[in-house]
Amino acid sequence: MDRSEALPSGPTDPWDPIVKVVVAGLVAAATEVGVALPAETVRAQLALDGGPQGDLALPLHRLAQVAGRPANSLAAELAAHFPPSPILSSVVATGAYVNFVADSARLTQETLDLVLAHGGRYGSGPALPETACVEHTSANPTGPFHIGRVRNAIIGDTFARILRASGVPVTTQYYIDDMGRQAAMITWIWSKPRAEWPDPIRRAAEGEEVGEKPDRHRGRPYPAVSAYLKEHEEAREEVAELVRSLESGEPPARHRALAQEILDGMLASLARLSISFDEFVWESDFVKDGSVERVLERLRGSPHAVRESNGAWAIDTTGYGLPKESTRVVVQRGNGTSLYVTRDVAYHLQKLARFGRVVDVLGQDHQLHARTLDALLTEVGEARRPSFVIYQDITVPEGGRMSTRGGSAVWLDHLLEEAVTRARGEVLARREDLAEADVDRIAESVATGAIRYHIVRVAPEKPVVFRWEDALSFEGRSGPFVQYAYARASSVLRKGEALRGPYPFDARLLRDPEEAALVRVLARFPRVVAYAARTAHVHAVAGYAHDVADRFNRFYHAVPVLKSGEERTSRIALVAAVRQTLGNALDLLGLARLEAM
RNA sequence: GGGCGCGUAGCCUAGCCUGGAUAGGGCACCGGGUUCCUAACCCGGCGGUCGAGGGUUCAAAUCCCUCCGCGCCCGCCA
């Protein structure tokens with residue numbers, strides 16, 4: 001039985017009135033039978049959506065034990081004494097279970113009413129006073145995105161959308177690391193005239209194309225620079241000097257402009273996936289405004305502060321539950337400069353001051369950093385905690401993580417290009433009537449939808465092996481499958497001249513089993529959104545969207561809509577509700593609603 | 001070595017938080033479906049020691065312990 005979404009339902013949940021009747025009825029029946037059955041206990045045991053025998057099921061094994069009665073007879077007695085309700089079509093004891101089936105007409109009425117009345121807000125929770133900040137992506141501006149980094153962006157952006165739908169006002173942030181060695185390497189190489197570049201770097205950067213994106217262009221020498229520095233002490237010292245200049249607040253004039261230029265190129269790619277950010281936060285600003293120094297003052301004053309022989313400061317984090325080897329966290333170097341984690345403390349103090357809830361989307365390799373950050377926040381007297389959404393890496397089939405320097409990376413831009421090419425072919429194969437611009441638009445949406453869906457459909461904590469044929473699939477459990485169902489529903493409504501309401505309907509006419517099943521999927525949506533927001537299981541929404549599309553396709557094949565008789569307007573209302581719910585789910589996933597494909 | 005995560009049919013995956021009745025999808029494979037609202041679809045079939053062992057429980061994919069395999073982290077890097 002699937003109880004994963006089982007929650008106290010809210011006012012926009014079609015199951016809400018039914019659950020209330022079932023709980024109240026069970027409490028009343030229990031009293032008649034002579035058994036104490038508190039409403040809370042019933043709610044905890046009641047399973048919604050899953051039993052093979054009905055919509056709701058109450059297993060009585062445990063309750064029977066407490067009452068000292070055989071479960072089967074208790075189930076039978078409860079069913080027999082359950083007060084009749086027009087909202088339920090059957091209450092039956094099967095073995096140790098009491099099974100409830102909702103009256104289909106009533107559920108259909110309730111569900112379509114809610115979907116059609118709330119429209120784009122169906123599935124959303126009531127507006128909450130709490131605010132949240134979701135920080136995601138935050139990739140160093142050193143070159144183009146590879147698909148491994150994009151998993152962060154897709155999970156983060158989707159989670160932000162889901163949180164918003166759950167009622168929390170969300171601000172998304174991209175934290176730009178312009179303080180570290182990686183950013184310094186970019187400035188180091190581009191501050192030299194091309195003629196002065198060391199040979200291996202110049203060779204590696206060759207092959208530029210006219211008009212290539214700035215992240216591609218400026219990022220070209222990066223892997224070679226990285227390799228070069230490993231073997232050239234004097235170059236390493238130049239970069240180190242650059243890093244010191246960043247800390248002192250006097251970096252080369254071009255430093256931030258270069259980072260911004262590369263970032264702009266990266267963001268252009270994300271924009272194609274409908275991913276954007278509310279705010280950009282530069283790491284160096286926390287040094288400039290003195291907040292890093294204030295953090296250091298507090299840390300140095302901590303009873304756990306340790307002064308090293310060369311003047312560095314560390315914090316003894318014994319007692320914070322960190323792994324044994326990580327009990328000494330250096331927060332200030334011997335030369336007085338700060339470290340990444342120290343600056344991150346300053347950043348998080350700012351976020352915690354501004355937002356009620358602070359969420360970071362991080363790769364698993366940052367897990368220990370997250371725990372260290374957590375400990376240091378306590379150390380500086382911050383009582384509140386950020387929460388972390390941790391996801392596993394995307395690896396390549398040959399094994400290992402995607403690596404820019406190792407050459408195993410799959411570039412987002414390359415994947416986009418392949419996907420669009422393939423999507424164009426699919427569109428042209430079935431639509432000869434479309435204008436060129438429409439073909440392009442649909443192909444772009446199908447391609448980006450396939451990519452987003454492919455990444456988000458898997459639970460964040462699962463590792464993913466990247467395979468082209470999987471990422472480019474437009475069938476089955478895919479983005480285009482869901483988009484197609486939406487387009488299909490749109491097409492029906494268009495031909496029925498019913499793209500806009502009102503949608504009068506008679507729920508009693510929607511009595512086909514396919515219709516009942518379809519309504520039940522639609523009715524699940526509010527619980528799915530609430531569950532995904534609570535657990536950060538963004539993949540639940542992807543799975544749900546597939547379920548709706550799947551059920552709609554079955555309905556579509558089994559039941560005529562436009563060619564039906566007296567059911568026609570009611571079925572049109574059902575299709576409109578499907579289109580609305582599917583569209584809302586597509587919005588949460590960041591996939592385009594396509595009116596035609 | 002320690003910490004964290006993962007292990008479900010040939011492949012991918014849901015369910016694990018909150019134990020409950022025949023473990024739900026997809027790909028691949030086999031067989032069907034288009035004078036009918038879009039076949040990126042639908043119907044049927046095939047395929048499962050839920051990594052292994054033990055424990056708790058009336059009941060374990062789900063909770064606990066041990067072990068095995070895989071990944072990541074364990075810098076005065078970010």
Side-chain angles (χ1 to χ4, degrees), chain A residues 1-4 6-7 44-45 47 50-53 57-62 64-65 71 94-97 99 140 177 179-183 283 308 310-314 321-326 330-335 337 339-341 343-344 363-369 371 390-393 395 399-401 423 426-427 429-431 446 450 457-459 461-465 467 469-470 473-478 480-481 483-485 487-496 531 534-535 537 539-540 543 546-547 549-550 553-554 556-558 560-564 571 575 596-597:
Chain A
M1 236 177 275
D2 176 12
R3 300 175 62 205
S4 61
L7 291 168
Q45 287 282 300
Q53 318 283 348
L58 185 74
L60 283 164
H61 313 86
R62 199 194 315 247
Q65 236 172 14
T94 312
Y97 298 81
N99 291 292
N140 290 335
D177 170 24
M179 289 286 298
R181 186 176 297 163
Q182 302 196 11
E283 186 178 14
E308 306 288 341
N310 68 348
W313 284 89
L322 265 45
K324 288 176 200 159
E325 298 82 1
S326 315
V330 175
V331 295
Q332 182 177 349
R333 293 191 184 91
N335 66 10
T337 57
L339 286 100
Y340 174 74
V341 71
R343 291 172 234 132
D344 216 14
Q364 66 156 344
D365 52 335
H366 284 67
Q367 181 105 248
L368 182 59
H369 172 258
R371 293 171 65 184
I390 305 289
Y391 65 93
Q392 299 286 313
D393 293 309
T395 56
R401 277 196 287 182
E426 295 292 327
V427 176
R430 61 198 91 208
R431 297 292 299 270
V446 167
R457 62 191 274 255
V458 182
E461 64 269 19
K462 290 266 211 178
V464 168
V465 178
R467 292 194 179 83
E469 63 271 28
D470 293 344
S473 168
F474 298 160
E475 294 170 351
R477 203 157 143 28
S478 73
F481 177 94
Q483 290 174 310
Y484 184 71
R488 189 176 244 176
S490 301
S491 174
V492 171
L493 296 179
R494 194 163 48 240
K495 294 208 167 147
Y531 167 78
R534 179 172 61 86
T535 60
H537 283 180
H539 62 290
H546 174 266
D547 289 349
D550 181 45
N553 284 334
R554 291 202 229 179
Y556 177 86
H557 282 279
V561 177
L562 299 179
K563 286 167 183 155
S564 59
R571 285 184 178 157
V575 173
M597 286 173 69

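Everything numeric here is computed off the predicted structure, so don't read it as measured data. Within every chain, numbering begins at 1; the chains are lettered A, B, ... in the order of the sequence lines, protein sequences first and strands thereafter.
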Output one line per pair: protein atom, nucleotide atom from nucleotides 26-33 of chain B, and distance, for all N/O pairs under 3.5 Å.
unit_1: B:rG26; atom_1: O2'; unit_2: A:R477; atom_2: N; d: 3.3

Write down the partner of [N] under the Watson-Crick or G-U wobble criteria, each distance required to be under 3.5 Å.
| N | value |
| --- | --- |
| B:rG31 | B:rC43 |
| B:rC72 | B:rG3 |
| B:rC17 | none |
| B:rC63 | B:rG55 |

Between [N] and [M], how many Å separate the two [atom1] atoms, rounded to a whole number?
| N | M | atom1 | result |
| --- | --- | --- | --- |
| B:rU18 | B:rU22 | C1' | 23 Å |
| B:rG24 | B:rA61 | P | 13 Å |
| B:rG53 | B:rC58 | C1' | 23 Å |
| B:rC30 | B:rC67 | C1' | 41 Å |
| B:rG55 | B:rA60 | P | 12 Å |
| B:rG15 | B:rG54 | P | 28 Å |
| B:rG45 | B:rC36 | C1' | 27 Å |

Problem - Test log, rule side chain to side chain contact (heavy atoms under 4.5 Å, CB included), inputs A:V446 and A:M597 - result: CA-CA 9 Å; A:V446 167; A:M597 286 173 69; 3.8 Å; yes

Exercise for the section: For A:Y97 and B:rA21, say yes or no: do the ring centres fall under 5.5 Å of each other while the ring planes differ by less than 30°? Expected result: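 Stacking is present between B:rA21 and A:Y97, given that their ring centres fall under 5.5 Å apart and the planes under 30°.
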
Find the distance [X]:[atom1] to [N]:[atom2] and express it as a whole number of Å.
| X | N | atom1 | atom2 | value |
| --- | --- | --- | --- | --- |
| A:L368 | B:rC4 | CG | P | 11 Å |
| A:D547 | B:rG15 | CG | C1' | 12 Å |
| A:L58 | B:rA21 | CG | P | 14 Å |
| A:Q367 | B:rG71 | CD | P | 18 Å |
| A:D393 | B:rC4 | CG | P | 18 Å |
| A:Q45 | B:rA21 | CD | P | 12 Å |
| A:R431 | B:rA39 | CZ | C1' | 14 Å |
| A:R401 | B:rC70 | CZ | P | 17 Å |

For a quick check of understanding: with a heavy-atom distance under 4.0 Å over all strands, which category does [X] fall into, base, sugar-phosphate or nothing?
| X | result |
| --- | --- |
| A:V446 | base |
| A:F481 | sugar-phosphate |
| A:E308 | base |
| A:G95 | nothing |
| A:V427 | base |
| A:A596 | base |
| A:H539 | sugar-phosphate |
| A:A71 | nothing |

Think [X] has a side-chain N or O under 4.0 angstrom from the OP1 or OP2 of [N]?
| X | N | result |
| --- | --- | --- |
| A:R62 | B:rU18 | no |
| A:R571 | B:rC37 | no |
| A:Q65 | B:rC58 | yes |
| A:R371 | B:rG3 | no |

Problem - Check: B:rG71 base within 3.5 Å donor-acceptor of A:Q364 side chain - result: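 Present.
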
Practice task
Using only heavy-atom distances, decide whether a donor-acceptor pair under 3.5 angstrom links the side-chain of A:N310 to the base of B:rC76.
Solution key: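 Flag set: donor-acceptor pair detected.
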
Given [options], the nucleotide with the shortest approach to the side chain of [X]:
| X | options | value |
| --- | --- | --- |
| A:Y531 | B:rG15, B:rC72, B:rC41 | B:rG15 |
| A:Y556 | B:rC37, B:rG19, B:rA14 | B:rC37 |
| A:R534 | B:rC76, B:rC17, B:rC72 | B:rC17 |
| A:H537 | B:rG71, B:rC73, B:rG15 | B:rG15 |
| A:H61 | B:rC58, B:rC12, B:rC76 | B:rC58 |
| A:L562 | B:rC37, B:rC12, B:rG20 | B:rC37 |

Exercise for the section: List for me each residue that meets ring-ring contact (aromatic ring centres under 6.0 Å, His included) alongside A:Y391, sequence neighbours excluded, and say none if there are none. Expected result: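 If we apply the ring-ring contact (aromatic ring centres under 6.0 Å, His included) test to A:Y391, skipping adjacent residues, there are no hits.
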
Problem - Donor + acceptor pair across side chains of A:T395, A:D393 (<3.5 Å) - result: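 Result is no, nothing qualifies.
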
side-chain hydrogen bond (donor to acceptor under 3.5 Å, both in side chains) partners of [X], counting only residues at least two apart:
| X | result |
| --- | --- |
| A:Q483 | none |
| A:E283 | A:R343 |
| A:S490 | A:R579, A:E595 |
| A:R181 | none |

Problem - For A:R571, all residues meeting salt bridge (charged side-chain N to carboxylate O under 4.0 Å, His left out), sequence neighbours excluded - result: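 Partners of A:R571 by the salt bridge (charged side-chain N to carboxylate O under 4.0 Å, His left out) criterion, ordered by chain and then number, come out as A:E515.
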
Problem - With sequence neighbours excluded, residues passing salt bridge (charged side-chain N to carboxylate O under 4.0 Å, His left out) with A:D365 - result: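 Scan of A:D365 (salt bridge (charged side-chain N to carboxylate O under 4.0 Å, His left out), adjacent residues dropped) gives A:R401.
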
Practice task
Please answer whether the main-chain N or O of A:D470 pairs with a side-chain N or O of A:S473 as donor and acceptor at a distance below 3.5 Å.
Solution key: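 No; zero donor-acceptor contacts below 3.5 Å.
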
Handout entry: Working for side chain to side chain contact (heavy atoms under 4.5 Å, CB included), residues A:H539 and A:V458
Key = CA-CA 6 Å; A:H539 62 290; A:V458 182; 5.9 Å; no

Practice task
Determine the interplanar angle of the A:H537 and A:Y531 rings, folded into 0 to 90°, and report it as parallel if under 30°, tilted if 30 to 60°, perpendicular if over 60°.
Solution key: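 Because their plane-to-plane angle is over 60°, the rings of A:H537 and A:Y531 count as perpendicular.
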
Handout entry: A:K495 or A:A459, whichever maps to the more 5' nucleotide of RNA chain B
Key =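 Nearest nucleotide further toward 5': that of A:A459.
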
What N/O pairs connect the protein and nucleotides 6-10 of chain B at under 3.5 Å? Give each pair on its own line.
unit_1: B:rG7; atom_1: OP1; unit_2: A:K462; atom_2: NZ; d: 2.8

Problem - Heavy-atom side-chain proximity of A:Y97 to A:Q53 below 4.5 angstrom - result: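 They are not in side-chain contact.
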
